[in-house]
Amino acid sequence: MAEDLDNIQQNGQTVEYTDDNIQTLTGIEHIRLRPGMYIGRLGDGNLPEDGIYVLLKEVMDNSIDEFKMNAGKRIEVDVDDNLRVTVRDYGRGIPQGKLIEAVSVLNTGGKYDSKAFKKSVGLNGVGVKAVNALSRRFEVRSYRDGMVRRAVFERGVLKEDVTEQSSEEHGTYIFFEPDNDEKLFKNYSFHDEFVETMLRNYTYLNQGLTIMYNGRRIVSRNGLCDLLTDTMTNDGLYPIVHMRGEDIEIAFTHTDQYGEEYHSFVNGQHTTQGGTHQSAFKEHIARTIKEFFGKYESGDIRNGLVAAIAINVEEPVFESQTKIKLGSTLMAPGGDSINKYVGDFVKQQVDNYLHIHTEVAEAIEQKVKESERERKAMAGVAKQAREKAKKANLHNRKLRDCRIHFSDTKNDRKEESCIFITEGDSASGSITKSRDVNTQAVFSLRGKPLNAFGLNKQEVYKNEEFFLLMSALDIEDGLDSLRYNKVIVATDADVDGMHIRLLTITFFLQFFPELVKKGHVYVLQTPLFRVRNRRTKIKNKKVLAAEDEKQAAQNRKSDFITRYCYSDEERLKAISDLGPDPEITRFKGLGEISPEEFAGFIGPDIRLEQVTLHKNDQVQKLLAYYMGKNTMERQNFIIDNLVVEEDRPEEEDE
């Protein structure tokens, strides 16, 4: 008997599939239904890759494109209450006759034919429409020829459209307030340091541009040289080498840090995952220096290198709408390849520079020789460690891997890949049982790891635990093969847990600082308290109504309503909300949290704190102060800042 194609049995019920199941969505409706396709992750603003910063970037890109066309040298950005954003540029202004379409109709834009805009980062007619669709309120004004057309939208739906006379300067004004709907940017907040970093990057790449951010002036006079000066956390071994061409700019120096560090940009877009232009620079800077000296290996030449490259490309091809990795191979349609263009520039300019500035050439050679000596000294140690690891991996239970990895170039979910670094079998067991086996791996430490400060890489290879961790991450030869997008340190919130957390981060800062600088290292936030009460005791019905769907579903399975609290403030609020005599449990370790509960803490609502380095953080000085020998300076700091809390009654345990 033929299967009924319109009716399929699923879980004992008939599921119909008819014409009514086929839907056609408008562009705005599709953006709201599938926001991840347009802006990547959503988030609440606690991480620099969260969606609210992508919304700001999409608006800024249009204003930057105006600047690139010599239309407007000033952009004003205001973030009100960390919630609402205004961007005003003084470019040409969006053509008023097409203003509504330009901000609300998908695949509408002025950058398809490259006549009004050349070498633009905004290409597909999507960006500002996504901002409009994902904002609870969106307002655009176009000032042109003594007139202003003003349009107001709510969640992508037009509410007002007025045209009138105006004496203001020409340009475009955009206001947006991200939608704090439960399914979008719930409890979001813009963080000042993330916004300022983004805006500073724009000024580094656009000499002559002034950005006023909440009344503060941001400007760069020396381009990528300023970028390295402002972001390097180790002193350069020689003055930064800075070179500009027609569509290319590079800057580089060497430091005493391990590994390599790159900042790359295309048409003003920060390509945080690199791409063809960054790969070309890495290849040709090593080749040029090698040919200048007539010897040395590329790995030794690039060890300690800190560099930045920015290029302008017509019709660039990025690997996603968020434009964080360049996929183009040509500088312009029918033109040179990016590899050849970058290679020719680096070969000519860097080779000439080294012949003229012999003191820089000598400093580079001295650094390369040191890297070569260290590599040769630990060659035997590394070989033994790898052989030992191969045998250990056959029965190694430290790593519980996942299926999808950050290095899987063609997997759409690679950004979700992460690894939890835990202490002991108890904590790792809870996470392992509740994790997503597709994207979440677990690595278990055996107690407190080695203090890596002051050690050389030979010691890392001799230390089985650190070597296995390095191998699990696959970062021995740099971040290009990094297996997990997020490296999450998950330790208890007690003194021992904090110490293990500090020792692990010290290892990364000492030997793989770019892992931290590129934003891959996080600390898992887990609740300190569980506060719950029986439903019969709850009088405030609004509390129940305010619960999210996941919490409500969980509560229906029991007679309790439960709140997990990450601070004393949250604990006090939960006690107030849940009524008299609540049952309070303090979690003293990750191993005490059941796998069922843990699933909620490492799921979609996971709370992570990113480990960051600021431009004033000198890594070696910080590590020497906090992780070096017990200096008098540190003792005095502890004594001066010691806080003694008064004893208070123990919380009631379950």
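Summarising the geometry, atom CD1 belonging to Ile75 is positioned 9.5 Å from atom OG1 belonging to Thr210; distances are rounded to the nearest 0.5 Å. Between the CG atom in Leu99 and the CZ atom in Arg144 there is a gap of 10.5 Å [rounded to 0.5 Å]. Taking CG of Asp344 as the start and NE2 of His284 as the end, the distance is 8.0 Å to the nearest 0.5 Å. We find the CG-CD1 distance between Leu55 and Ile174 to be 11.5 Å, quoted to the nearest 0.5 Å. To the nearest 0.5 Å, atom CZ of residue Arg403 and atom CG of residue Asp436 are 8.5 Å apart. Here the straight-line distance linking atom OG of Ser567 with atom NZ of Lys573 works out to 11.5 Å at 0.5 Å rounding.
Between the side chain of Gln610 and the backbone N or O of Gly519 there is at least one donor-acceptor pair closer than 3.5 Å. Side-chain N or O atoms of Asn82 include none that pairs as donor or acceptor with a backbone N or O of Ser189 at under 3.5 Å. Without hydrogens or angle criteria, Glu160 side chain to Arg150 main chain gives no donor-acceptor distance under 3.5 Å. With Lys129 contributing its side chain and Ala102 its backbone, the two residues share a donor-acceptor pair below 3.5 Å. Remark: the backbone N or O of Arg221 is paired with a side-chain donor or acceptor of Gln207 at under 3.5 angstrom. Checked by atom type and distance alone, the side chain of Lys57 never pairs as donor or acceptor with a backbone atom of Ile52 at under 3.5 Å. Checked by atom type and distance alone, the side chain of Asn206 never pairs as donor or acceptor with a backbone atom of Ile64 at under 3.5 Å. In this structure, the side chain of Gln440 engages the main chain of Ile602 through a donor-acceptor pair within 3.5 Å. Ser417 contributes a side-chain N or O that, together with a main-chain N or O of Asn485, makes up a donor-acceptor pair within less than 3.5 Å. The backbone N or O of Ser220 sits nowhere less than 3.5 Å from a side-chain atom of Asp226 that would complete a donor-acceptor pair.
Sorted by first then second residue, the ring-ring contact (aromatic ring centres under 6.0 Å, His included) pairs that include residues 41-71, not counting sequence neighbours, are Tyr53-Phe190, Tyr53-Phe194. Screening residues 166-188 for ring-ring contact (aromatic ring centres under 6.0 Å, His included), with sequence neighbours left out, gives no hits.
Under 4.0 Å is where a charged nitrogen must lie from a carboxylate oxygen, and between Glu193 and Arg200 no such pair does. Using a 4.0 Å cut-off between charged side-chain N and carboxylate O, Glu139 and Arg141 make a salt bridge. The existence of a salt bridge linking Glu196 and Arg216 is confirmed by a sub-4.0 Å separation between a basic side-chain nitrogen and an acidic carboxylate oxygen.
Ring planes of Phe138 and Phe153: perpendicular class, angle over 60° (limits at 30 and 60°).
Val140 places a side-chain heavy atom less than 4.5 Å from the side chain of Val103. For the pair Lys518 and Leu482, the minimum side-chain heavy-atom distance is 4.5 Å or more. Side-chain contact between Val85 and Val59 is absent, with no heavy atoms from C-beta onward closer than 4.5 Å. Contact of the Lys517 side chain with the Thr612 side chain is not registered, since no non-hydrogen atoms from C-beta on lie closer than 4.5 Å. At least one side-chain heavy atom of His263 sits less than 4.5 Å from a side-chain heavy atom of Thr231. For the pair Val313 and Asn267, the minimum side-chain heavy-atom distance is below 4.5 Å. Using a 4.5 Å heavy-atom threshold, the side chains of Ile250 and Phe281 count as touching. With a 4.5 Å cut-off on side-chain heavy atoms, Gln273 and Glu415 count as touching.
A side-chain donor-acceptor contact under 3.5 Å links His191 and Asn46. Side-chain polar atoms of Glu283 and Asn339 form a donor-acceptor pair below 3.5 angstrom. With no hydrogens or angles considered, a side-chain donor-acceptor pair links Tyr213 and Asp192 at under 3.5 Å. Between the side chains of Asn222 and Tyr204, no donor-acceptor pair of N or O atoms lies under 3.5 Å.
Smallest separation of non-hydrogen atoms from Val523 and Ile488: C-CG2, 4.4 Å. Residues Arg149 and Thr163 come closest through the heavy atom pair CG-OG1, 3.3 Å. Annotation for Asn187 and Asp44: closest pair O-CB, 3.8 Å, computed over non-hydrogen atoms. Contact record, Ile240 with Ala251: CG2-CB, 4.0 Å, taken as the closest heavy-atom pair. Taking each heavy atom of Leu42 and Lys183 in turn, the nearest pair found is CD1-O, 3.4 Å. The two residues Asn214 and Val79 make their nearest non-hydrogen contact at OD1-N, 2.8 Å.
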Dump the intermediate steps for side chain to side chain contact (heavy atoms under 4.5 Å, CB included) on Thr86 and Arg84, then the final yes or no.
-> CA-CA 7 Å; Thr86 302; Arg84 296 166 288 276; over 6 Å; no
For salt bridge (Lys or Arg N to Asp or Glu O under 4.0 Å), just list the numbers for Glu76 and Arg74, CA-CA rounded to whole Å, side-chain angles, deciding distance to a tenth of an Å, and then say yes or no.
-> CA-CA 7 Å; Glu76 296 165 359; Arg74 185 172 85 259; 3.3 Å; yes
Run the numbers on Arg136 and Asp181 for salt bridge (Lys or Arg N to Asp or Glu O under 4.0 Å), then give the verdict.
-> CA-CA 8 Å; Arg136 62 182 300 182; Asp181 181 89; over 6 Å; no
Val437 and Cys402: CA distance, side-chain angles, deciding distance, side chain to side chain contact (heavy atoms under 4.5 Å, CB included) verdict = CA-CA 5 Å; Val437 295; Cys402 54; 5.9 Å; no
Derivation of the side chain to side chain contact (heavy atoms under 4.5 Å, CB included) call for Val87 and Ser63 | CA-CA 8 Å; Val87 177; Ser63 296; 3.9 Å; yes
Take Leu199 and Met60, measure what side chain to side chain contact (heavy atoms under 4.5 Å, CB included) needs, and give me the verdict at the end.
-> CA-CA 9 Å; Leu199 300 182; Met60 284 296 300; 3.9 Å; yes
Taking it one step at a time, do Thr271 and Ser264 satisfy side chain to side chain donor-acceptor pair (under 3.5 Å)?
-> CA-CA 6 Å; Thr271 44; Ser264 63; 2.8 Å; yes
Hey, mind stepping through Asp480 and Lys282 against salt bridge (Lys or Arg N to Asp or Glu O under 4.0 Å) and telling me if it holds?
-> CA-CA 11 Å; Asp480 288 346; Lys282 290 176 59 177; 2.5 Å; yes
May I have the step-by-step check of salt bridge (Lys or Arg N to Asp or Glu O under 4.0 Å) for Arg244 and Glu249, ending in yes or no?
-> CA-CA 4 Å; Arg244 284 193 176 101; Glu249 180 182 357; 3.6 Å; yes
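Arg88 forms a cation-pi arrangement with Tyr90, by the criterion of a distance under 6.0 Å to the ring centre and an angle within 45° of the ring axis.
For Phe406, the ring-ring contact (aromatic ring centres under 6.0 Å, His included) partners two or more places apart in sequence, or in a different chain, are His520.
For Asp81, the CG atom counts as densely surrounded, since its 6.0 Å shell holds more than 12 non-hydrogen atoms of other residues, nucleotides or ligands.
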